[in-house]
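Notes to accompany the following structure.
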Amino acid sequence: MRLGFITLGKHVPSTRFRFLPYLPYLRERGHACRLWMSYPSVYEHIPWLGWRISHALKRSVRHLQLASARWSRPDCIYLERGCLNDDSLDLDRLFRKHTARLVLDIDDGIFLERPEKLQQLIDMSDHCVVSSELIADYVRPLHEHVTIIPTAVPLSRFTLKQERRADDPATVAGRPVIGWMGTIPNMPFLAVCAPALKKLAKQLDFELFIVAPSPKPLEQIDLSGVRLNFQRWQPDLEVAYLHRMDIGLMPLPPGEEWMKYKAATKLIQYLSVGLPAVASPIGVNAIILQNNQVGLAASTPDDWFDALARLVADSALRRSLGSAGRKLVEERYSIEANAPLLESVLCPSR
């Protein structure tokens with residue numbers, strides 16, 4: 001079949017994990033796939049152009065892509081949240097006219113931010129793909145065709161971390177590495193576990209390894225006394241950075257409705273390479289943690305301290321939880337496990 005994919009941007013996590021990894025599988029299955037990606041990302045702008053001109057550029061790029069859709073007449077278009085990150089729907093409606101089937105992907109609580117727009121996108125879609133049961137609960141009263149496909153990673157890329165060599169400096173130092181990898185908007189969430197990290201640093205030797213596009217948000221988080229190593233995120237080094245970690249962090253601020261609909265991309269990344277994680281048991285995180293079978297849940301500062309102290313001190317526990325996490329990803333949260341389901345949604349007659 002002829003398939004079109006409308007995505008949010010090259011480095012947007014939902015594009016990177018919910019769209020791009022499926023393209024090789026679908027092409028191997030004989031489908032012709034066209035990728036229509038926002039430029040710049042729907043959430044970004046080109047500094048020397050400014051926000052206004054960058055937004056005009058995004059629209060212009062979408063119109064060129066629309067011409068491609070008009071010419072290629074895809075059998076199905078898979079739409080990531082919407083063509084633009086605003087209230088407009090004109091481009092979405094135009095793309096809808098040039099395909100027999102429209103599938104809408106919803107991977108977080110965008111209905112909290114733009115409820116009217118999402119309602120209309122759902123109405124014009126033939127099928128909705130959501131990332132969690134919580135989002136499905138919102139969409140099912142609005143559409144009869146809803147499929148849950150969790151955010152997943154390609155196992156071929158996110159390989160299992162190997163045991164450290166005896167000559168590895170971290171092994172010689174005996175210093176476990178607690179890691180966090182994510183985007184700039186999510187970096188302030190580290191404040192949730194910062195008090196526990198500071199307390200832990202007074203009792204146990206560890207390194208806090210932060211990987212993000214910029215260190216600037218760290219200036220607002222008190223991590224005094226914590227041995228901190230920051231590295232700028234690079235897509236080609238993403239897995240290598242994960243392999244340098246021993247424990248992954250996914251803190252979320254409590255009491256915010258948006259958080260319970262948030263995709264667990266970070267948590268899945270940790271588990272995929274065999275890392276145990278300490279995470280806030282909010283939304284899908286609580287489901288993935290499986291009663292502390294693949295990682296440890298932490299809701300209070302004391303929870304965070306106790307969980308991190310256990311994992312820093314107990315390498316056997318880290319290995320056990322990490323192994324269980326990898327197995328869970330292989331079975332439920334990998335591209336390989338979910339690709340046939342996505343194909344059945346995009347190509348129901350195949």
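The line from SG of C347 to CE of M1 is 4.5 Å long, rounded to the nearest 0.5 Å. Here the straight-line distance linking atom CG of L8 with atom CG of D107 works out to 8.0 Å at 0.5 Å rounding. Within the model, atoms OH of Y138 and CZ of R140 stand 14.5 Å from one another, a figure rounded to the nearest 0.5 Å. One finds the CG atom of L84 at 10.0 Å from the CD1 atom of I6 (value rounded to the nearest 0.5 Å). Atom NE2 of H243 is separated from atom CZ of F158 by 9.0 Å, given to the nearest 0.5 angstrom. Expressed to the nearest 0.5 Å, how far CG of D87 lies from CD of Q120 amounts to 10.0 Å.
At least one side-chain heavy atom of C193 sits less than 4.5 Å from a side-chain heavy atom of L249. Counting heavy atoms from C-beta on, the side chains of V12 and T7 never come closer than 4.5 Å. At a threshold of 4.5 Å between non-hydrogen side-chain atoms, the residues L346 and L26 count as touching. Here the side chains of R34 and S68 are in contact, with some heavy-atom distance below 4.5 Å. Looking only at side-chain heavy atoms (C-beta outward), I335 and L342 stay at 4.5 Å or farther from each other. Side chains of P276 and L317 form no contact here, defined as non-hydrogen atoms less than 4.5 Å apart. In this structure, L64 and Y39 have side chains that are not in contact, with every pair of non-hydrogen atoms separated by 4.5 Å or more. L242 is not listed as a side-chain neighbour of K161, based on a closest heavy-atom distance of 4.5 Å or more.
In this structure, a donor-acceptor pair under 3.5 Å is absent between the side chains of H31 and R2. T300 and D302 form no side-chain donor-acceptor contact under 3.5 Å, judged by distance and modelled atom types alone.
Between F111 and Y261, the gap from one ring centroid to the other is short of 6.0 Å.
Looking at T99, its side chain never comes within 3.5 Å of a backbone N or O of L102 through a donor-acceptor pair. Between the R332 side chain and the P150 main chain, no donor and acceptor come within less than 3.5 Å of each other. Judged by distance alone, with hydrogens and angles left aside, the side-chain atoms of S125 form no donor-acceptor pair with the main-chain N or O of H127 at under 3.5 Å. In this structure a side-chain-to-backbone donor-acceptor pair under 3.5 Å is missing from D75 to A100. Checking side-chain atoms of S60 against main-chain N and O of A56 turns up a donor-acceptor pair under 3.5 Å. Counting only distance, with no hydrogens or angles, the side chain of S344 and the backbone of L341 share a donor-acceptor pair below 3.5 Å.
Residue-environment remark: CD (E116) stays at or below the threshold of 12 foreign heavy atoms within 6.0 Å. With a 6.0 Å radius and a threshold of 12 heavy atoms from other residues, nucleotides or ligands, N291 has its CG atom at or below the threshold.
Screening residues 178-188 for side chain to side chain donor-acceptor pair (under 3.5 Å) gives T183-N186, N186-K262 as the qualifying pairs, with residues at least two apart or on separate chains. For residues 263-286, every residue pair satisfying the side chain to side chain donor-acceptor pair (under 3.5 Å) rule, not counting sequence neighbours, is listed here: E238-Q269.
Considering only residues two or more places apart in sequence or on other chains, N229 meets the side chain to side chain contact (heavy atoms under 4.5 Å, CB included) condition with E207, F209, Q231, R244. With sequence neighbours excluded, the residues satisfying salt bridge (charged side-chain N to carboxylate O under 4.0 Å, His left out) with E219 are K216. The ring pair (Phe, Tyr, Trp, His ring centres under 6.0 Å) test applied to W233 returns H11, not counting sequence neighbours.
L190 and I184 are members of different hydrophobic clusters when ILVMFWY side chains are connected at heavy-atom separations under 4.5 Å. One hydrophobic cluster holds both F206 and L223 under the rule that ILVMFWY side chains link at heavy-atom gaps under 4.5 Å. Put simply, L112 and I122 are part of the same group of oily side chains (I, L, V, M, F, W, Y) that touch within less than 4.5 Å, one to the next. When the side chains of ILVMFWY residues are joined at heavy-atom separations under 4.5 Å, either directly or via intervening members, M181 and V177 end up in a single hydrophobic cluster. Placement of F5 and L91 in two distinct hydrophobic clusters is found when ILVMFWY residues are connected by side-chain heavy-atom separations under 4.5 Å, directly or transitively.
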Let me check something: any side-chain donor-acceptor pairs from residues 195-202 under 3.5 Å, sequence neighbours excluded? List them with distances.
| unit_1 | atom_1 | unit_2 | atom_2 | d |
| --- | --- | --- | --- | --- |
| K198 | NZ | D222 | OD2 | 2.6 |

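The pair E44-K58 does not count as a salt bridge, with every side-chain nitrogen at least 4.0 angstrom from each carboxylate oxygen. The pair D90-R59 meets the salt-bridge criterion, since a charged nitrogen lies less than 4.0 angstrom from a carboxylate oxygen. Salt bridge D126/R96: present, at least one basic N to carboxylate O contact under 4.0 Å. Looking at R175 and D205, a side-chain N of the basic residue comes within less than 4.0 Å of a carboxylate O on the acidic one, giving a salt bridge.
Taking both residues in full, the closest heavy atoms of N85 and R114 are given as O-NH2, 3.2 Å, listed atom of the first, atom of the second, then distance. Residue S299 comes nearest to P281 through the heavy atom pair OG-CG, 3.3 Å, listed as atom of the first residue, atom of the second, then distance. Here the shortest heavy-atom pairing between I247 and R318 reads CG1-CD, 3.7 Å.
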